[in-house]
A.B. asks: 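Structure provided below as structure tokens; questions to follow.
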Amino acid sequence: MRSSRLLFASAVALPVLVVAQALVLGTPPGPEASGAEVVSWFSSQSGAVRSFVWVMTVFAPVFAIFAGLVRDRLPSPHRDVFFVGAIAFVAETAVSTWIWAGLSWHPDQLEPGAARTLLDITSFWGPVLNGVTITMLAPVVVLSWGVRPVLPRWLGVVGGIALVEQSIETITIFGHSGFTAPGGPMNLMLGAGLCTIWWVCLGITLARGSELRPAASPAVEESRATAT
């Protein structure tokens, strides 16, 4: 019961933190901004970036709790594939956050070229993260289909929509500007929004239901059938 409440609470907290980090950070320089404009933005928004880093620091343990409790309720091997994706998500997010923090520390000493390059590196957090979110989504979506689905069909539909979008979103790796630019609206608004909705649906569904039993191997199923 306590773990169910904790899973429910972490699932509800995740969208709050996602919205908070977006509001705190505001609108950072886009891919068209020059190095000088990047330096100017970090000089004026240094405090906002530090607040963003703080929110992301809080986000990490909340997401870790969420992922651990979700894993505990999924059958094998789906749970392990999901958890690998969750661990990679936290690790990649931490690296990206370090760079944001570093850029905000001594903005008066930033060189335009270096600032632009480092911001470009953090922009690719979104495109590269698509592989990680797909790793989390796919095994759970599979559990919502088949003759005897383990999870509700509607959850599979929500996850399937997010999975298709995340797969298409990998094109941002080749983007340059606008909606499909690395770190652009497709990554940070559409993709992040769909994944967050799925996290909440998954967490609440598992928290309100009974814990799932590990899936038995075909050999075990056959032996049971023979015994009966």
Side-chain angles (χ1 to χ4, degrees), residues 14-15 17-35 37-39 41-42 45 48-49 52-53 55-56 59-60 63 66-67 81-104 112-142 156-202:
L14 287 177
L17 292 171
V18 169
V19 172
Q21 60 89 13
L23 292 176
V24 168
L25 189 61
T27 305
E32 301 85 2
S34 66
E37 290 173 326
V38 172
V39 172
W41 186 86
F42 274 95
Q45 300 297 324
V49 175
F52 161 77
V53 172
V55 174
M56 295 306 293
F59 176 88
F63 185 81
F66 167 82
V81 177
F82 169 85
F83 202 53
V84 167
I87 292 172
F89 181 91
V90 173
E92 290 185 22
T93 300
V95 172
S96 177
T97 305
W98 289 339
I99 299 174
W100 279 99
L103 284 168
S104 70
R116 180 68 266 181
T117 298
L118 289 172
L119 186 60
D120 287 343
I121 293 173
T122 63
S123 296
F124 272 91
W125 169 81
V128 175
L129 207 67
N130 289 143
V132 171
T133 53
I134 290 171
T135 302
M136 288 190 289
L137 281 157
V140 181
V141 170
V142 168
V157 173
V158 175
I161 293 172
L163 179 59
V164 171
E165 190 281 333
Q166 287 291 288
S167 300
I168 297 173
E169 193 177 307
T170 57
I171 64 173
T172 56
I173 293 174
F174 306 101
H176 294 284
S177 62
F179 184 72
T180 59
M186 192 173 191
N187 288 150
L188 302 182
M189 296 179 66
L190 178 60
L194 288 175
C195 286
T196 301
I197 291 172
W198 178 72
W199 289 338
V200 174
C201 292
L202 176 63

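Quick note: numbers below take in every heavy atom, side chains included, and nothing from hydrogens, waters or symmetry partners.
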A.B. asks: Are the side chain of Gln166 and the backbone N or O of Leu163 linked by a donor-acceptor pair below 3.5 Å?
C.D. replies: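 Judged by distance alone, no pair lies under 3.5 Å.
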
A.B. asks: Rounded at 0.5 Å granularity, tell me how far OG1 in Thr97 sits from CD in Gln21.
C.D. replies: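 So the OG1 of Thr97 and the CD of Gln21 are separated by 9.0 Å.
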
A.B. asks: With a 4.5 Å limit on heavy-atom distance, are the side chains of Ser104 and Val53 in contact?
C.D. replies: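 Contact flag for Ser104/Val53 side chains = no.
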
A.B. asks: Any side-chain hydrogen bond (donor to acceptor under 3.5 Å, both in side chains) involving residues 23-33? Give me the pairs, sequence neighbours left out, ordered by first then second residue.
C.D. replies: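 Listed once each, the pairs would be none.
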
A.B. asks: Using every non-hydrogen atom in the two residues, find where Leu25 and Pro28 come nearest and quote the distance to one decimal.
C.D. replies: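 Where Leu25 meets Pro28 most closely, the heavy atoms are CD2-CG, 4.4 Å.
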
A.B. asks: Kindly indicate whether the side chain of Pro31, heavy atoms from C-beta on, has any atom under 4.5 Å from the side chain of His176.
C.D. replies: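 SC-SC contact between Pro31 and His176 ruled out.
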
A.B. asks: Starting at CG of Leu14, measure out to SG of Cys195 and round the result to the nearest 0.5 Å.
C.D. replies: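 Spacing of CG (Leu14) from SG (Cys195) equals 12.0 Å.
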
A.B. asks: Would you please test Trp198 and Phe66 for ring-ring contact (aromatic ring centres under 6.0 Å, His included) and show each step?
C.D. replies: CA-CA 13 Å; Trp198 178 72; Phe66 167 82; 7.9 Å; no

A.B. asks: Determine whether Val49 and Leu103 make a side-chain contact, defined as any pair of heavy atoms from C-beta on separated by less than 4.5 Å.
C.D. replies: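 No; the side chains remain at least 4.5 Å from each other.
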
A.B. asks: Out of curiosity, Thr133 OG1 to Trp199 CH2, how far, rounded to the nearest 0.5 Å?
C.D. replies: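 Rounded to the nearest 0.5 Å, the OG1-CH2 separation comes out at 8.5 Å.
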
A.B. asks: Would you call Phe52 and Leu23 a side-chain contact if the rule is heavy atoms closer than 4.5 Å?
C.D. replies: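 Side-chain contact under 4.5 Å: no.
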
A.B. asks: Does the side chain of Met56 come within less than 4.5 Å of Trp100's, by heavy atoms?
C.D. replies: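 Result no, sub-4.5 Å side-chain heavy-atom pair not found.
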
A.B. asks: Donor-acceptor check, side chain of Arg116 to backbone of Glu37, threshold 3.5 angstrom: yes or no?
C.D. replies: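 No: the side chain of Arg116 does not pair with the backbone of Glu37.
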
A.B. asks: Search all heavy atoms of Val55 against all heavy atoms of Ala20 and return the closest pair with its distance.
C.D. replies: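 Looking at all heavy atoms of both residues, the closest pair is CG1-CB, 4.3 Å.
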
A.B. asks: Tell me every residue that passes side-chain hydrogen bond (donor to acceptor under 3.5 Å, both in side chains) with Thr93, counting only those two or more places apart in sequence or in another chain.
C.D. replies: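 So Thr93 forms a side-chain hydrogen bond (donor to acceptor under 3.5 Å, both in side chains) with Trp125.
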
A.B. asks: Not counting sequence neighbours, which residues clear side-chain hydrogen bond (donor to acceptor under 3.5 Å, both in side chains) with Thr180? List them please.
C.D. replies: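 With sequence neighbours excluded, Thr180 shows a side-chain hydrogen bond (donor to acceptor under 3.5 Å, both in side chains) to no residue whatsoever.
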
A.B. asks: Quick check: closest heavy atoms across Gly178 and Pro185, and the distance to 0.1 Å?
C.D. replies: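 Heavy atoms only, the tightest pair is O-CD, 3.6 Å.
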
A.B. asks: If you look at every heavy atom in Gly85 and Val132, which pair is closest and at what distance?
C.D. replies: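 For Gly85 and Val132, the tightest heavy-atom pair comes out as O-CG1, 2.8 Å.
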
A.B. asks: Does the side chain of Ile134 come within less than 4.5 Å of Ser167's, by heavy atoms?
C.D. replies: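 When only atoms from C-beta onward are counted, Ile134 and Ser167 do touch, with a gap below 4.5 Å.
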
A.B. asks: If you look at every heavy atom in Pro139 and Val81, which pair is closest and at what distance?
C.D. replies: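 Minimum heavy-atom separation between Pro139 and Val81: CG-CG1, 3.8 Å.
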
A.B. asks: For the residue pair Val39 and Pro112, what are the closest heavy atoms and their distance?
C.D. replies: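 Here Val39 and Pro112 meet closest at CG2-CA, 3.8 Å.
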
A.B. asks: Would you call the rings of Phe63 and Phe59 parallel, tilted or perpendicular if under 30° counts as parallel and over 60° as perpendicular?
C.D. replies: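 It falls in the parallel class, under 30°.
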
A.B. asks: So, does Glu92 use its side chain to make a donor-acceptor pair with the main chain of Phe89 at under 3.5 Å?
C.D. replies: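 No, because the side chain of Glu92 does not come within donor-acceptor range (under 3.5 Å) of the backbone of Phe89.
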
A.B. asks: Taking atom CZ of Phe83 and atom OG1 of Thr135, what is their separation to the nearest 0.5 Å?
C.D. replies: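 Between Phe83 CZ and Thr135 OG1, I get 14.0 Å after rounding to 0.5 Å.
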
A.B. asks: Verify whether one side chain among Asn187 and Thr172 offers a donor that lies under 3.5 Å from an acceptor in the other.
C.D. replies: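 Judged by distance alone, the side chains do pair up.
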
A.B. asks: Return the CZ to CG distance between Phe42 and Leu118, rounded to the nearest 0.5 Å.
C.D. replies: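 Reported to 0.5 Å precision, the distance equals 8.5 Å.
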
